[in-house]
There are 2 protein chains.
Amino acid sequence: MPMNREPPRPGIPGASTSGEPRAARGDAVPDTAVLLARTALFGSLETETLGRIAAATAMVRVTRGSLLFRAGDACTGFHLVIDGRIKLSLHSAQGAERVVELPGPGQTFGEAAMFLRMPYRVSAEALADSRLLHVAATAVFTELEQDPRLAHRIIASLSMRLHRLVGEIESQSLLSGTQRVVGYLLSLADAPAAMETVVRLPALKNVIASRLNLTHEHFSRILHGLATAGVIRLDGPDIRIPDLEILRRHSG
Amino acid sequence: MPMNREPPRPGIPGASTSGEPRAARGDAVPDTAVLLARTALFGSLETETLGRIAAATAMVRVTRGSLLFRAGDACTGFHLVIDGRIKLSLHSAQGAERVVELPGPGQTFGEAAMFLRMPYRVSAEALADSRLLHVAATAVFTELEQDPRLAHRIIASLSMRLHRLVGEIESQSLLSGTQRVVGYLLSLADAPAAMETVVRLPALKNVIASRLNLTHEHFSRILHGLATAGVIRLDGPDIRIPDLEILRRHSG
DNA sequence: CCCGCATGTTGACACAGGTCAAGCTGTGAA
DNA sequence: TTCACAGCTTGACCTGTGTCAACATGCGGG
């Protein structure tokens, strides 16, 4: 097996009954309701509401390389990543792939398709062995009737995603390849300090390249260009950034 | 003044008090509530709810070339186009422009910024003398508390927009210039008939070019390429499509 | 009626980024 | 230990699209 950059935590007891709603004693997975309460969508909801949603939530385990769903499949709910990494991608008629997003722990995906009651537009593949929660659409819809706060959250979350997608379009049409890479590296380095920062790419380089709408060859050249310019240093999957400000100013 | 492809209806009496919530007798503008009820957002809402929202709605008139708002401005509500045409665009630091959307009569914009309570991400400029309704955010928020149906509508509308934006990203990263132009022409020709169809570009060609992420020169060449290939015929702002199926199959 | 400017077309050329191909490197399996 | 292969790098080359510049066209205003 090739390099696996995000191995599952070593000590997870088998618990082979995947799809079980609530994790039991000793398992590394916290309570479903607790996990849901940590998301932007369900944070600070009433305990009862949360409980009912948790009851309609199932744990899903996917192994590296397996498909969670593909574009065109019916959508029965949305997903929350517990651990691992998922690749959301579009596919052209000729087979070309374009990675759209790489949700990791704490992130959700599939809400838009769920609320539209339309099939998925993207395919989802596990880049590492992953555990997710699948929240059934029906539960969300029934709670939505009752709780205006939940509606607020959903609206805010969708708007935020819309906002970010516009940013995506902006970066793709107005920025050069190098600028997109720089912007991406800066977005990974959430620390705003001017100190040396190390970022780890959340997936293999060819995946990141596609996420940035570049070929992996071009991405490689850009990275090495930045390295010879001295604004980053390459170290396998890690990228050392001596000074974030200098990198930010490096327009290309 | 240069060519104006979308002149305001000829016989609109002055009614110089712009910003008046409700249009009076004789004016070509229907009742605010009626206009709102026609949108996907507010359709089939209770009359009272609609009335309260209509009371918080103001008519806005903008002349061709003037800015409705620019990126970074605070957002106090969203807009519904009554007539005319608005250009929503992004601007790079170097001054390059990218047209994102061209909302016309019946279409809305600015919801995402409103719900996020964040400043606008795009600028809005009138491409023709236009009339719009501005719906105050406060009114939407208060009605949202009460009416779960409104919440549903908003969620559906945001999801739909998200869906379309993903399509935008797909077309930009997976399709060639010619394919994007063909796709755009087909989207303008809503008639699914195989009969000869005439579509009129909703804005000047340089604007459409930017909307498709092309230079106007390249757009011109693509259009003439399609014309010499025989799949379309050019006639100023009109484009005649002898057979939609043949155009659809024309990949490149 | 003519001038001027906005708009669009066309040509020559440049360049970012894609394609193809060869080779390197490190990890996992045998 | 060795092998095989996935991942990555590097080089040579190609092409789609952008840039720049010249010119056509047509509407609106003086």
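In what follows, chains are A, B, ... by sequence order, proteins preceding strands, each numbered from 1.
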A:L204 atom CG is separated from D:dA6 atom P, nearest whole Å, by 13 Å

A:R70, CZ atom: more than 12 neighbouring heavy atoms under 6.0 Å: no

For the residue pair B:S210 and B:H216, confirm or rule out a side-chain donor-acceptor distance under 3.5 Å. no

Whole Å only: how far is the CG atom of B:L201 from the C1' atom of C:dG8? 13 Å

Rounded to whole angstroms, how far apart are CG on B:D235 and P on D:dT25? 16 Å

Going by an N to O cut-off under 4.0 Å, is there a salt bridge joining B:E196 and B:R233? yes

Checking contacts here: which listed nucleotide (D:dC8, C:dG8, D:dG18) is nearest the side-chain heavy atoms of A:N206? D:dC8

Give a yes-or-no answer on whether the side chains of B:T76 and B:H134 include a donor-acceptor pair shorter than 3.5 Å. yes

Whole-Å distance separating the CG atom of B:L234 from the C1' atom of C:dT10: 14 Å

How long is the line joining CG of B:N213 and P of D:dG16, in whole Å? 17 Å

Distance test, side-chain N/O of A:T215 to OP1/OP2 of C:dG17, below 4.0 Å: no

Please report, rounded to the nearest Å, how far the C1' atom of C:dG18 is from the CZ atom of A:R98. 15 Å

Are A:E168 and A:R98 within salt-bridge range, i.e. N to O under 4.0 Å? yes

Residues in residues 165-183 of chain B with a heavy atom under 4.0 Å of DNA chain D, by number, are B:S176, B:G177

Looking at B:D129 and B:R64, is any side-chain nitrogen of the basic one under 4.0 Å from a carboxylate oxygen of the acidic one? no

I'd like to know if B:E170 pairs up with A:R121 as an ion pair, taking the criterion as any Lys NZ or Arg NE/NH1/NH2 lying under 4.0 Å from an Asp or Glu carboxylate oxygen. yes

Looking at B:K87 and B:E97, is any side-chain nitrogen of the basic one under 4.0 Å from a carboxylate oxygen of the acidic one? yes

Mind calculating the distance between CZ (A:F219) and C1' (D:dG7) to the nearest angstrom? 13 Å

Testing B:L88, B:T108, B:L80 one by one against B:P103 for a side-chain contact (heavy atoms from CB on, under 4.5 Å), which residue passes? B:L88

Please tabulate the protein-to-nucleotide N/O contacts below 3.5 Å involving nucleotides 10-12 of chain D, giving atom names and distances.
from   : atom 1 : to     : atom 2 : distance (Å)
D:dT10 : OP2    : A:H224 : ND1    : 3.4
D:dG11 : N7     : A:R221 : NH1    : 2.9
D:dG11 : O6     : A:R221 : NH2    : 3.3
D:dA12 : N6     : A:R221 : NH2    : 3.3

Measure the distance from CD1 on A:I222 to C1' on D:dT9 and round it to the nearest whole Å. 14 Å

